[in-house]
Amino acid sequence: MVYRVAVVGAGPAGLTAVRWCLQENLVPTCFEKADAIGGLWHITDGDDDRTTVMSCTVANISKELTAMSDVPPPESLPVYLTGRRLLEYLQLYARQHDLEQYVQLNTEVICIEEAADHAQTGQWTVRTRRVKGKHDASAEHGYDDVEQTFDAVIVGSGVMAKPYIPEFPNLQNFQGRILHSKHYKSWAGFEGRRVLVVGAGNSAADVACDISTVAEQVYLSTRNGLWLGERRAARGRPFDMILSRFTNAAMHYFPSLLNKVIAKQLNAKFDHELYGLCPKVAPFQSTTCLSDELSYKLMTGKVKIKKCIKCFTKTGVEFVDGDVIDTVDDVIFATGYKPDFPFLSDGILGEDKTQMFLTMFPLNRKYPTLVFPGCFRMKGPILVAIEMQNRYAAKILKGTLKLPSQGDMHNWVEANNEQSRKWRSATLVHASQVDYVPFMDDIATRIGCKPRIGWLLLTDPRLALRCLFRACTSYQFRLHGPDAWKGAKAAIMGQDDRTFSSFREGHNRDGGQQEPNRHWLRWLMVVGLLAAFVSKVLM
């Protein structure tokens with residue numbers, strides 16, 4: 001029996017959905033509105049309404065933590081990827097798994113609704129329409145709607161669709177230009193202008209720094225301050241290499257201590273109180289902004305920090321501390337997005353579109369044939385978490401695995417909401433929030449592919465130590481269980497070496513010889529800490 005799956009979008013979520021559907025012998029058809037794969041990372045010169053990264057965007061996650069579980073990044077790629085280079089990696093991933101033959105480009109999904117016999121089959125009716133691509137010579141192609149029936153639908157368009165702009169008094173009376181960061185592509189058109197950027201995340205910092213190269217003055221308004229970090233950590237290592245199983249366990253058992261350590265390190269590079277950015281909460285509970293330029297722009301005055309907005313005037317803005325800027329030409333809201341799926345017929349999702357099991361399976365549906373990978377926020381490698389979601393979803397659709405009971409799924413959602421209220425950022429409210437290592441381990445446990453660290457400590461201690469103390473990359477979840485990949489160990493052992501390989505040509509690239517042998521010290525750390533977090537790391 002052929003099991004047909006419709007996949008919406010050919011970005012990272014859509015591509016990994018196609019890849020894992022094929023792994024389970026399902027038959028995917030991916031619909032992509034643009035004229036190329038890549039999703040957010042495919043930037044066009046046109047004026048379409050797609051959400052894409054800016055021309056200046058550099059990924060905030062290093063290449064090894066960005067990499068999918070069986071496609072280590074080429075050595076030629078730099079530590080952090082520009083938008084163009086990350087698109088190249090996605091294209092490599094698609095070629096390696098021969099995915100593009102399953103993608104219909106220039107095809108927009110118009111409507112998804114329950115099939116006539118949905119109550120008996122769980123099937124869906126998907127209506128699509130071909131759109132004019134840049135290589136089309138004429139618009140007269142007879143672009144009629146096409147209606148097809150699929151056994152399941154994977155919506156890979158993510159949550160970055162509907163821009164969110166907070167309400168401020170008198171905003172409607174402001175006479176300057178107002179736009180959302182979604183529509184910002186470059187600094188062209190902002191020469192000599194006075195610009196207010198509203199937000200405290202990575203996009204806000206990127207926009208402010210980019211525009212400041214040509215603007216007369218840029219202001220950055222933050223409601224609660226922010227923790228400012230850089231991609232480069234000690235010895236030039238990527239900041240995100242801190243995302244290890246050891247760090248996760250330490251955060252679970254000693255959150256106050258670890259927050260103090262991180263805050264001290266961040267303040268050692270940049271005194272947040274001195275620059276008016278001091279957040280009200282600890283690093284792991286607040287917005288963390290990674291920007292290598294913002295501190296320099298603040299020191300040179302090209303960007304100035306402002307408090308939360310009190311109200312707008314016709315030509316300017318007043319802030320809650322009483323400060324007033326009389327002349328503002330442009331306001332750019334880098335304030336995030338709300339989940340929006342306009343092609344879904346009414347009633348398919350409830351009022352709150354973020355309440356889903358594992359952030360991807362809507363609650364209270366009879367059949368698990370509608371999936372939303374990527375509808376979450378996390379401080380970590382979102383792309384590889386999406387791949388893990390699709391890996392699990394494909395097995396659910398195939399019938400290899402089954403979802404828990406409705407009660408258990410509701411309990412998971414409530415527990416995750418409570419965790420968010422207690423430990424996570426209060427500002428990212430437009431999508432469910434998860435923590436990287438626990439989220440990956442949760443799904444991996446359900447699949448049966450969580451790395452068996454306890455067994456590795458006995459059989460391959462060197463690999464076990466790498467899994468415990470080095471960055472928790474996606475390769476760890478291909479060591480054991482279903483879909484085990486024979487190259488996973490080599491990928492893990494070589495990830496540190498590959499991180500810096502792009503600018504070490506001619507040097508020794510033997511990953512085992514790049515640093516002093518400190519296995520004895522790590523063994524002492526393991527012995528001392530195993531008793532404290534055995535249930536968190538090994539079980």
*Steps toward side-chain hydrogen bond (donor to acceptor under 3.5 Å, both in side chains) verdict (K182, S203)*: CA-CA 9 Å; K182 170 181 178 176; S203 294; over 6 Å; no
*Could you give me the CA-CA distance, side-chain angles and deciding distance for F376 and F439, then say whether ring pair (Phe, Tyr, Trp, His ring centres under 6.0 Å) is met?*
CA-CA 11 Å; F376 60 86; F439 188 61; 5.6 Å; yes
*Can you check side chain to side chain contact (heavy atoms under 4.5 Å, CB included) on E64 and R498, steps first, answer last?*
CA-CA 8 Å; E64 285 296 323; R498 283 193 308 275; 2.8 Å; yes
*How far apart are the C-alpha atoms of Y3 and E24, what are their side-chain angles, what is the distance that settles it, and do they pass the side-chain hydrogen bond (donor to acceptor under 3.5 Å, both in side chains) test?*
CA-CA 10 Å; Y3 194 95; E24 297 297 326; over 6 Å; no
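Distance alone, capped at 3.5 Å, is enough to place a donor-acceptor pair between the K366 side chain and the A119 backbone. Of the possible polar contacts, none joining the R85 side chain to the P78 backbone as a donor-acceptor pair under 3.5 Å is found. Judged purely by atom type and a 3.5 angstrom limit, T82 has no side-chain atom pairing as donor or acceptor with the backbone of V58. For S474 (side chain) and A67 (main-chain N/O), a donor-acceptor pair under 3.5 Å exists by modelled atom type. Put simply, the side chain of H180 never gets that close to the backbone of P163: no donor and acceptor are under 3.5 Å apart.
In the model, Q476 has a side-chain atom that pairs as donor or acceptor with a side-chain atom of R245 under 3.5 Å. No hydrogens or angles considered: a donor-acceptor pair under 3.5 Å links the side chains of W124 and T369. A donor-acceptor contact closer than 3.5 angstrom links the side chains of E387 and S69. Remark: the N106 side chain and the E32 side chain contain no N/O donor-acceptor pair separated by less than 3.5 Å.
The aromatic rings of F469 and F246 are tilted relative to each other, their planes meeting at an angle between 30° and 60°. Between W412 and F357, the angle of the ring planes goes over 60°, which puts this pair in the perpendicular group of the 30/60° scheme.
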Can you give the donor-acceptor pairs under 3.5 Å from side chains of residues 8-18 to other protein atoms, not counting sequence neighbours?
{"residue": "T16", "atom": "OG1", "partner": "P12", "partner atom": "O", "Å": "2.8"}
{"residue": "T16", "atom": "OG1", "partner": "A13", "partner atom": "O", "Å": "3.2"}
{"residue": "T16", "atom": "OG1", "partner": "N390", "partner atom": "ND2", "Å": "2.8"}

Table please: side-chain donor-acceptor pairs of residues 399-409 below 3.5 Å, with sequence neighbours left out.
{"residue": "S405", "atom": "OG", "partner": "D408", "partner atom": "N", "Å": "3.2"}
{"residue": "S405", "atom": "OG", "partner": "D408", "partner atom": "OD2", "Å": "3.4"}
{"residue": "Q406", "atom": "OE1", "partner": "N364", "partner atom": "N", "Å": "3.0"}

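The pair R478-D70 meets the salt-bridge criterion, with a side-chain N (NZ, NE, NH1 or NH2) lying under 4.0 Å from an Asp/Glu carboxylate O. Between D144 and R127, no side-chain nitrogen of the basic residue sits less than 4.0 Å from a carboxylate oxygen of the acidic one, so the salt-bridge criterion is not met. Using a cut-off of 4.0 Å between Lys/Arg side-chain N and Asp/Glu carboxylate O, R4 and D151 are scored as not salt-bridged. Remark: D442 does not engage K450 in a salt bridge, criterion side-chain N to carboxylate O under 4.0 Å.
For E113, there are no salt bridge (Lys or Arg N to Asp or Glu O under 4.0 Å) partners, not counting sequence neighbours. With sequence neighbours excluded, the residues forming a side chain to side chain contact (heavy atoms under 4.5 Å, CB included) with D292 are E230, R231, listed by chain and number. Under the rule for a ring pair (Phe, Tyr, Trp, His ring centres under 6.0 Å), the partners of Y93 that lie at least two apart in sequence or sit in another chain are H97. With sequence neighbours left out, the side chain to side chain contact (heavy atoms under 4.5 Å, CB included) criterion links A6 to F31, V126, F150, V153.
At a threshold of 4.5 Å between non-hydrogen side-chain atoms, the residues V437 and C472 count as touching. Here the side chains of K395 and P482 are in contact, with some heavy-atom distance below 4.5 Å.
Partner P381 forms a side chain to side chain contact (heavy atoms under 4.5 Å, CB included) with one of T473, L65, I386, T66 and no other, that one being L65.
Taking CG of L77 as the reference point, atom CG of L86 lies at 9.0 Å (rounded to 0.5 Å).
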